[in-house]
Amino acid sequence: MAEKVLMKGNEAVAEAAIQAGCLHYFGYPITPQTEIAAYMAKRMPKINGSFLQAESEIAAINMVLGAAAAGRRAMTSSSSPGVALKSEGLSYLAGCDLPAVVVNIQRGGPGLGGIQPSQADYFHATKGGGHGDFHMIVLAPSGVQEMFDLTGLAFDLADQYRVTSMLLSDGILGQMMEPVDLAAPPPRELPPKSWALTGTKGQRKPNIVNSLYMNPEDLERLVMERYERYAQIAAAETRWEEFLTEDADVVVVAYGALARVAKNAIAAARAQGIRAGLLRPITLWPFPKAALQALAGRAKAFVAAELSMGQMVEDIELAVRCARPVLRCNRTGGMVPTPEEVLQKLEEATA
Amino acid sequence: MTVFQKPRALADVPMHYCPGCTHGIVHRLVAQALDDLDLVGRTVGVAPVGCAVFAYNYFNCDMIQAAHGRAPAVATGLKRANPDSVVFTYQGDGDLAAIGTAETVQSAARGENITIIFINNAIYGMTGGQMAPTTLPGQVTQTSPYGRDVTRTGMPIRICEMLATLESPAYLERVSVDSIKNIRQAQKAIAKAFRCQAEGRGFSLVEVISSCPTNWGVSPAEALDWMREKMIPYYPLGVYRDKTEGGEQA
Ligand SMILES: Cc1ncc(C[n+]2csc(CCOP(=O)(O)OP(=O)(O)O)c2C)c(N)n1
Ligand code: SF4
């Protein structure tokens with residue numbers, strides 16, 4: 001077993017990417033994710049990789065697109081305002097079926113917002129992230145170990161399904177220090193990148209990477225095929241954690257750093273005799289709908305806790321088909337609820 | 001035409017360009033350069049958003065289609081990921097000099113070892129003839145129906161001159177495809193730009209004064225006259241930077 005190393009969340013992301021064989025990083029500075037770029041700037045030259053500070057987030061995502069088209073693992077990271085600028089590129093990546101990894105260390109919005117942690121980019125991340133019909137796989141770590149593990153997974157999933165994987169995290173997790181086990185994930189068998197633009201070498205027909213289809217029938221067919229792939233992803237890759245849900249009357253649904261706050265609130269609720277549990281989505285897309293539906297058979301109420309005015313709550317309500325009340329616990333703009341605030345909602349839900 | 005046989009680097013498919021459009025000529029010149037330098041097998045081309053969007057079907061090398069204006073960023077990613085490849089972009093003036101200005105200037109400033117073929121036809125072709133940053137003073141377009149009013153829209157951007165203020169570009173030349181003599185020179189310039197990249201010298205851009213008879217509202221022959229009489233005086237042909245072997249301007 002490898003020894004654990006004390007690391008910041010952002011550094012764990014960068015190290016995981018490098019260990020996953022990502023040798024191409026493109027980014028533009030923005031708080032609170034600059035440690036990722038700093039780590040890459042230091043390490044890439046030493047391992048024959050490329051680090052490039054782009055002129056904008058728009059350029060950075062298009063550089064990722066170019067490197068991905070060349071068949072290489074590539075990554076960019078940013079925070080909310082910068083990720084919004086990447087939307088066009090995210091759409092092109094989807095339209096070109098290119099695998100890429102994008103990290104969003106979220107901060108408060110809208111506009112320039114603030115630099116404190118937030119989960120207000122849930123809609124942007126899970127409902128497409130750009131124009132057109134498409135999805136990204138969205139992974140939501142809840143600690144530094146998961147910042148590391150899910151970054152590695154993000155690359156594998158991207159390559160396996162030819163999609164963008166987004167690591168949706170926040171400033172708390174980015175800055176937090178915890179011990180990390182730097183063990184490599186179990187290897188996956190991944191499809192060869194026969195579509196990569198490496199030059200024909202005179203040995204094959206030209207490869208074309210493109211998202212333009214003038215014939216609507218062709219475009220519809222391609223989008224539908226992509227959605228079949230999305231259905232496979234939903235069937236095989238949906239991830240979540242359940243905590244004390246077996247006998248729960250009320251279930252908090254929270255992800256990321258806020259799930260940790262929720263666990264404290266649940267412990268306090270249990271001490272008071274309230275049977276509370278937690279469902280923590282690890283993949284936000286695909287969303288653990290079936291798990292929620294199953295819980296809705298038992299639990300009387302749900303609490304959607306979010307660092308936003310309530311975005312994931314819509315998916316929760318859909319998953320439980322509005323058969324159970326879903327209370328909301330929202331702080332936004334960079335504010336984080338205390339366990340007592342979450343506890344209050346649990347009391348309300350079971351009153 | 002200087003080129004009689006179809007270059008091998010050009011795919012055997014009909015092009016969709018309007019009669020008299022010079023995009024087709026420039027495609028040939030690019031393909032001929034790739035043939036002559038024996039680069040086709042290691043080349044990756046980046047098609048723009050613009051009339052040349054379907055360029056990904058016209059070259060016998062690996063091709064990608066970039067978002068509007070982002071071709072130099074995509075080319076940067078391709079090149080950094082695979083430094084042995086030869087990467088070129090083919091962009092119009094809306095793509096390169098308006099929406100993609102940042103990507104153009106910054107890839108040049110980095111001295112990115114890529115080649116840009118820049119089609120300056122003084123108009124947005126694909127969207128039906130709107131004003132471009134390169135539209136001439138007084139020129140009538142769909143969005144300058146009374147002629148380009150430079151008191152409100154400024155003077156046209158001269159890309160070669162602008163990029164020549166940067167230290168890093170290795171090779172910048174403006175050519176035209178209005179006459180056989182100028183096409184010959186354009187052929188030399190495009191070949192030189194690719195050689196520049198293959199030799200690892202850094203950023204090269206060839207600006208090609210081109211035509212858009214359809215949106216200029218003139219015949220193909222009149223378009224060639226218009227390039228000569230109106231465009232070239234404002235956009236002087238010549239070498240703006242040459243750090244290649246034997247180049248005059250290091
Ligand atoms: C983001 C975005 N904005 C606008 C467009 C619409 N559009 C398509 S082509 C084009 C202009 C192309 O003109 P130019 O680059 O001069 O090339 P030409 O067609 O003249 O060869 C525009 C504005 C687009 N496709 N994407
Ligand atoms: S619209 Fe203009 S630039 Fe486009 S193909 Fe026709 S003539 Fe050429």
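Protein chains get the first letters and strands the later ones, always in sequence-line order, with residue 1 at the start of each. In what follows, every heavy atom counts, from backbone to side chain, and hydrogens, waters and symmetry copies are set aside. Since we're looking at a predicted model, the values are computed, not measured.
- Of the two parts of B/Ala47, neither the backbone nor the side chain holds a non-hydrogen atom closer than 4.5 Å to a non-hydrogen atom of chain A.
- Contact annotation for B/Val86: neither backbone nor side-chain heavy atoms come within less than 4.5 Å of a heavy atom of chain A.
- Note: B/Tyr90 and B/Phe59 have tilted aromatic rings, judged against thresholds of 30 and 60 degrees for the angle between ring planes.
- Each of A/Leu23, A/Val64, A/Ile58 has some count of heavy-atom pairs under 4.5 Å with chain B, and the biggest count is that of A/Ile58.
- Neither the backbone nor the side chain of B/Ser85 comes within contact range of chain A; no heavy atom of the residue lies under 4.5 Å from a heavy atom of that chain.
- For a residue to count as touching a neighbouring chain, one of its non-hydrogen atoms must lie under 4.5 Å from one of that chain's; by this rule A/Ala68 does not touch chain B.
- Residues A/Tyr213 and A/Arg221 fail the side-chain proximity criterion, which asks for heavy atoms closer than 4.5 Å.
- To the nearest 0.5 angstrom, A/Asn10 atom CG is 13.5 Å from A/Glu15 atom CD.
- For B/Arg80, the parts sitting under 4.5 Å from any heavy atom of chain A are the backbone and the side chain alike.
- Among A/Leu197, A/Ile61, A/Thr198, the residue with the largest count of heavy-atom pairs under 4.5 Å with chain B is A/Leu197.
- Contact check on A/Arg229 versus A/Asp97 returns a salt bridge, with a Lys/Arg side-chain nitrogen under 4.0 Å from an Asp/Glu carboxylate oxygen.
- Using a 4.5 Å cut-off between heavy atoms, B/Val53 contacts chain A through its side chain alone, with no backbone atom that close.
- Between A/Ser77 and A/Tyr25, the side chains place a donor N or O and an acceptor N or O closer than 3.5 Å (distance only, hydrogens not considered).
- No option in B/Thr115, B/Thr43, B/Asn113 other than B/Thr115 meets the side-chain hydrogen bond (donor to acceptor under 3.5 Å, both in side chains) test with B/Gln197.
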Can you check ring pair (Phe, Tyr, Trp, His ring centres under 6.0 Å) on A/Tyr92 and B/His68, steps first, answer last? CA-CA 11 Å; A/Tyr92 271 75; B/His68 197 20; over 10 Å; no
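- Donor-acceptor pairing under 3.5 Å is lacking for the side chains of A/Ser194 and A/Arg204.
- A/Glu220 CD: 12 or fewer foreign heavy atoms inside a 6.0 Å radius.
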side-chain hydrogen bond (donor to acceptor under 3.5 Å, both in side chains) for B/Arg201 and B/Tyr171? Distances and angles first, verdict last. CA-CA 9 Å; B/Arg201 295 179 193 274; B/Tyr171 178 61; over 6 Å; no
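- Contact residues of residues 94-109 of chain B toward chain A are B/Ala102, B/Glu103, B/Gln106 (heavy-atom distance under 4.5 Å).
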